Amino acid sequence: MAASQFKRYLWLVDTIRSAGKISRQDIDRRWAKSVLNEQGESRLPERTFFRYKDAVEELFDIEIACDRAAGGLYYIKSDTDESRTRQYLLSQFALSNSLHESRQLDGRILYEDIPAGTEYLTQVVDAMRDNHWLQVTHRGFDSSEERGFMLAPYCLKVFKQRWYVLGRNSEHRDVRIYALDRITALEPTAKTFTLPKHFDVQSYFEGFYGVFRGEQFKPELVRVRVAEAAAPFLRSLPLHVSQQEPEPCVFTWYVAPTFDFIQQLRTFGSNLEVLAPESLRDEFAEEVMRLARIY
């Protein structure tokens, strides 16, 4: 029953969000066609609508407001303080409900495999909210042995189908990042930590692409030229917030040339030429020669 109610709350959020603004009559029409309407109701009862509306605000901190001046249209009231988080959550709601409403398409929608580790998301989020240390057992990509340590979780980040947790390892003074799918066990503890007053996640990752960074890497101006056919991919999905196109098919970023970033540039193959910095251009040239020797 609880799971079913939860899905109805998400349905209401997605229905209003996807419409922008919507009348009660249109909500009723969509409810009449929804697979969640197990009783076959011709409309969503007024009392039920307001109960769902209140539950959405209490559970998700999402306010459903009414524009009386526009004739009583309902809409999702935006909150700039949490807009990115809320946008992500709502997009997940939309996907979940869309797939649920279109079960007849089973077998016609293909998914990417997502590595293990998502089972720890709730525990990590709870620990972040309450500032509790986590007891973690971890096996790195370059090790066959498991290692246990205490972690103070500062933030979560998703990158290329993987979830990562950034935090302070009790054995080290600096913050480090761990892929959730490399965690083999995780237990919350009662021990609390204090999030550094001036720690800012956006600033921490500023100037970096992906999740990994290091003191040996410093942001610098990277300039490349791409083939005309490849340019639309960069225009439609920028690699970094600093991306610019000062001239056609020439792109720049102010970013550290870390392994993650270089690997992403390599995916363009012969459709990309590194123009600057010289050290990165030399690195690509050396790789081309190594490949030539192989082939």
Side-chain angles (χ1 to χ4, degrees), residues 1-126 128-129 156-163 180 232 236-237:
M1 178 63 73
S4 180
Q5 285 288 86
F6 190 81
K7 290 178 181 178
R8 292 188 180 100
Y9 301 154
L10 302 187
W11 174 88
L12 182 61
V13 172
D14 182 46
T15 297
I16 297 175
R17 173 181 174 268
S18 61
K21 288 189 175 182
I22 188 171
S23 67
R24 277 287 288 114
Q25 290 78 11
D26 283 336
I27 292 175
D28 287 341
R29 277 193 282 270
R30 297 192 185 191
W31 175 247
K33 298 177 181 179
S34 174
V35 296
L36 296 173
N37 180 9
E38 298 170 350
Q39 304 302 318
E41 298 169 314
S42 59
R43 62 185 297 273
L44 185 65
E46 197 77 4
R47 182 177 297 180
T48 302
F49 169 76
F50 283 104
R51 188 170 72 249
Y52 289 0
K53 176 179 175 294
D54 292 341
V56 163
E57 184 167 357
E58 181 180 351
L59 292 175
F60 312 125
D61 195 25
I62 294 174
E63 182 180 354
I64 297 175
C66 181
D67 187 348
R68 303 290 180 188
L73 299 181
Y74 288 90
Y75 64 97
I76 302 296
K77 190 172 183 180
S78 63
D79 183 344
T80 55
D81 290 339
E82 296 181 348
S83 59
R84 293 186 67 184
T85 301
R86 188 159 302 169
Q87 184 178 6
Y88 176 78
L89 290 174
L90 289 175
S91 67
Q92 296 305 302
F93 297 165
L95 177 61
S96 174
N97 279 290
S98 178
L99 294 178
H100 187 77
E101 296 272 283
S102 306
R103 285 178 291 186
Q104 69 271 23
L105 297 179
D106 188 33
R108 294 171 59 190
I109 300 176
L110 305 179
Y111 307 90
E112 284 190 52
D113 288 335
I114 298 176
T118 53
E119 67 269 24
Y120 299 125
L121 274 175
T122 300
Q123 291 171 292
V124 174
V125 169
D126 289 345
M128 287 168 54
R129 181 193 61 218
L156 280 165
K157 183 174 183 177
V158 63
F159 177 66
K160 291 191 174 180
Q161 298 298 103
R162 275 193 169 90
W163 279 99
L180 291 195
S236 61
L237 191 62

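All figures in this text were calculated on a predicted structure; none of them were measured in a lab. Positions are given from 1 along the sequence.
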Identify, with sequence neighbours excluded, every residue that meets side-chain hydrogen bond (donor to acceptor under 3.5 Å, both in side chains) alongside D126.
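side-chain hydrogen bond (donor to acceptor under 3.5 Å, both in side chains) list for D126, sorted by chain: R129.
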
Can you sort out the partners of I64 under side chain to side chain contact (heavy atoms under 4.5 Å, CB included), two or more places apart, ordered by chain and number?
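Scan of I64 (side chain to side chain contact (heavy atoms under 4.5 Å, CB included), adjacent residues dropped) gives L12, I16, K53, V56, Y74, I76.
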
Ring pair (Phe, Tyr, Trp, His ring centres under 6.0 Å) with F159: which residues, sequence neighbours excluded?
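Partners of F159 by the ring pair (Phe, Tyr, Trp, His ring centres under 6.0 Å) criterion, ordered by chain and then number, come out as Y209.
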
Any residue meeting ring pair (Phe, Tyr, Trp, His ring centres under 6.0 Å) with Y75, in chain and number order, not counting sequence neighbours
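Partners of Y75 by the ring pair (Phe, Tyr, Trp, His ring centres under 6.0 Å) criterion come out as none, since no residue qualifies.
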
Under a 4.5 Å cut-off applied to non-hydrogen side-chain atoms, are K21 and D67 in contact?
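Yes, close enough: below the 4.5 Å cut-off.
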
Distance in Å, [X] [atom1] paired with [Y] [atom2], rounded so as to fall on 0.5 Å steps:
| X | Y | atom1 | atom2 | value |
| --- | --- | --- | --- | --- |
| T15 | W11 | OG1 | CH2 | 4.0 Å |
| Y9 | E57 | OH | CD | 13.5 Å |
| M128 | Q123 | CE | CD | 14.0 Å |

Is there a donor-acceptor pair under 3.5 Å between the side chain of S34 and the backbone N or O of R30?
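Such a contact is absent between S34 side chain and R30 backbone.
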
Set of residues satisfying salt bridge (Lys or Arg N to Asp or Glu O under 4.0 Å) with respect to K157, sequence neighbours excluded:
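Testing K157 for salt bridge (Lys or Arg N to Asp or Glu O under 4.0 Å), a comparison that skips the adjacent residues, returns none.
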
Listed pairs under 3.5 Å, donor-acceptor, residues 40-48 side chains, sequence neighbours left out:
unit_1	atom_1	unit_2	atom_2	d
E41	OE1	W31	NE1	3.0
E46	OE1	R24	NE	3.4
E46	OE1	R24	NH2	3.0

